[in-house]
Amino acid sequence: MQYAIELYFDKETEKKLFALAQRVAEENLSTKFLEWKTRPHLTLACYNDIDEQKCIEQLRLFAQNHKVIPAHIGSIGMFNDTKTIFASPVMNRKMYQLQAELHECLKEYDTTGWEWYRPDNWVPHCTLALTREDEDDVFYRASELILREFKKMSGEFVSIGLGKITSPVSELCTIELGN
């Protein structure tokens with residue numbers, strides 16, 4: 001089984017980001033992201049296999065020692081190879097530090113094949129549309145729609161969670177960050 005550790009936004013920021021993903025579906029461009037039934041997030045790490053209960057306890061302790069982090073979403077980006085469209089956070093030291101410390105905390109778990117989610121290789125992004133399985137022009141039309149409707153936003157990263165990478169995603173736990 002494959003797992004992801006995700007960083008979640010406050011409800012208002014989450015709502016704004018989800019609205020962009022919904023617009024892609026409303027325009028009959030792509031529904032793949034919505035089919036995953038996940039909420040807007042940044043993936044901090046991915047693992048091939050874990051001890052679920054032990055990992056949840058590790059995350060509880062980890063979250064207690066990390067505070068809420070400001071979240072500034074300043075731009076839109078794309079991974080052309082996977083035809084993924086995403087909102088891109090303005091990076092800050094706290095985000096990088098949180099991600100690096102999480103990897104250190106969970107270093108016993110296998111990250112083989114997930115190099116883009118490891119420290120120093122991480123490309124933090126909040127997926128808004130997954131168009132790889134759609135017609136080629138959908139990627140460009142969805143990109144144009146999101147670019148037209150996107151507005152910079154600020155909020156907070158307020159919790160972390162553990163999920164199974166399945167379709168739909170199975171959220172195993174969500175833990176609030178300390179204050």
Side-chain angles (χ1 to χ4, degrees), residues 2-48 69-92 94-96 98-100 102-103 111 113-171 174:
Q2 296 175 326
Y3 297 85
I5 309 294
E6 299 176 338
L7 184 61
Y8 296 117
F9 298 94
D10 63 273
K11 293 295 180 194
E12 188 61 31
T13 305
E14 182 177 298
K15 184 178 170 183
K16 290 175 185 176
L17 290 164
F18 192 73
L20 289 169
Q22 286 179 305
R23 287 288 296 130
V24 173
E26 288 169 4
E27 292 295 322
N28 296 317
L29 296 171
S30 180
T31 60
K32 191 63 175 174
F33 175 74
L34 297 181
E35 291 169 21
W36 280 89
K37 298 190 185 303
T38 187
R39 9 184 215 156
H41 64 274
L42 298 186
T43 299
L44 295 169
C46 290
Y47 299 98
N48 292 318
I69 299 173
H72 303 287
I73 311 298
S75 60
I76 297 298
M78 293 155 219
F79 295 131
N80 290 349
D81 59 339
T82 61
K83 297 185 178 176
T84 300
I85 306 162
F86 56 87
S88 186
V90 176
M91 290 307 304
N92 62 54
K94 289 180 182 180
M95 289 171 64
Y96 277 122
L98 178 93
Q99 197 247 4
L102 176 75
H103 276 267
T111 61
W114 299 102
E115 62 274 355
W116 296 113
Y117 293 101
R118 289 193 212 135
D120 296 326
N121 285 327
W122 185 39
V123 179
H125 61 282
C126 176
T127 300
L128 301 173
L130 299 165
T131 66
R132 173 184 256 170
E133 297 175 16
D134 300 304
E135 299 292 323
D136 284 342
D137 71 319
V138 170
F139 176 64
Y140 302 105
R141 291 172 41 216
S143 296
E144 182 181 341
L145 172 71
I146 290 171
L147 286 170
R148 266 190 283 115
E149 297 194 8
F150 174 77
K151 304 282 187 264
K152 288 182 182 181
M153 60 187 86
S154 293
E156 296 177 318
F157 295 110
V158 297
S159 59
I160 59 173
L162 172 64
K164 283 186 184 178
I165 303 173
T166 57
S167 184
V169 170
S170 176
E171 196 172 301
T174 301

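Side chains are part of it too, since the values below use all heavy atoms of this structure and drop only hydrogens, waters and symmetry mates.
- For Q99 (side chain) and Y117 (main-chain N/O), a donor-acceptor pair under 3.5 Å exists by modelled atom type.
- No donor-acceptor distance shorter than 3.5 angstrom exists from the side chain of T174 to the backbone of G161, with no hydrogens or angles considered.
- Distance alone, capped at 3.5 Å, is enough to place a donor-acceptor pair between the R118 side chain and the T111 backbone.
- Two residues are said to be in side-chain contact when any heavy atoms from C-beta on lie closer than 4.5 Å; M78 and L147 meet this criterion.
- Across all non-hydrogen atoms, the minimal contact from A4 to T43 is CB-CG2, 4.2 Å.
- For the pair M95 and I69, the tightest heavy-atom approach, listed with the atom from each and the gap, is CG-CG2, 4.0 Å.
- Each of K15, K16, Q22 was scored for a side chain to side chain contact (heavy atoms under 4.5 Å, CB included) with F18, with one residue passing: Q22.
- Heavy-atom neighbours of D137 CG from other residues, nucleotides or ligands within 6.0 Å: above the threshold of 12.
- Contact check for R39 versus K11: side-chain heavy atoms found under the 4.5 Å cut-off.
- Of the possible donor and acceptor atoms, none in the side chain of S88 sits under 3.5 Å from a partner among the backbone N and O of S75.
- Here the side chains of I85 and F139 are in contact, with some heavy-atom distance below 4.5 Å.
- For P89 against P124, the heavy-atom pair with the smallest separation is CD-O, 3.5 Å.
- In summary, the aromatic rings of F9 and F157 are positioned with their centroids under 6.0 Å apart.
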**Message:** Let's go through T131 and F33 carefully: what are the C-alpha distance in whole Å and the side-chain angles of both, what is the deciding distance for side-chain contact (heavy atoms from CB on, under 4.5 Å) to 0.1 Å, and is it a yes or a no?
**Reply:** CA-CA 8 Å; T131 66; F33 175 74; over 6 Å; no

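- Contact annotation: the side chain of T127 never approaches that of W36 to less than 4.5 Å [non-hydrogen atoms, C-beta and beyond].
- No donor-acceptor distance shorter than 3.5 angstrom exists from the side chain of D10 to the backbone of G155, with no hydrogens or angles considered.
- Atoms CD1 and OH, on I5 and Y47 in that order, are 6.0 Å from each other to the nearest 0.5 Å.
- H72 and S154 form a side-chain donor-acceptor contact under 3.5 Å, judged by distance and modelled atom types alone.
- At least one side-chain heavy atom of I73 sits under 4.5 Å from a side-chain heavy atom of F150.
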**Item:** Intermediate values then yes/no, side-chain contact (heavy atoms from CB on, under 4.5 Å), L29 and D134
**Value:** CA-CA 8 Å; L29 296 171; D134 300 304; over 6 Å; no

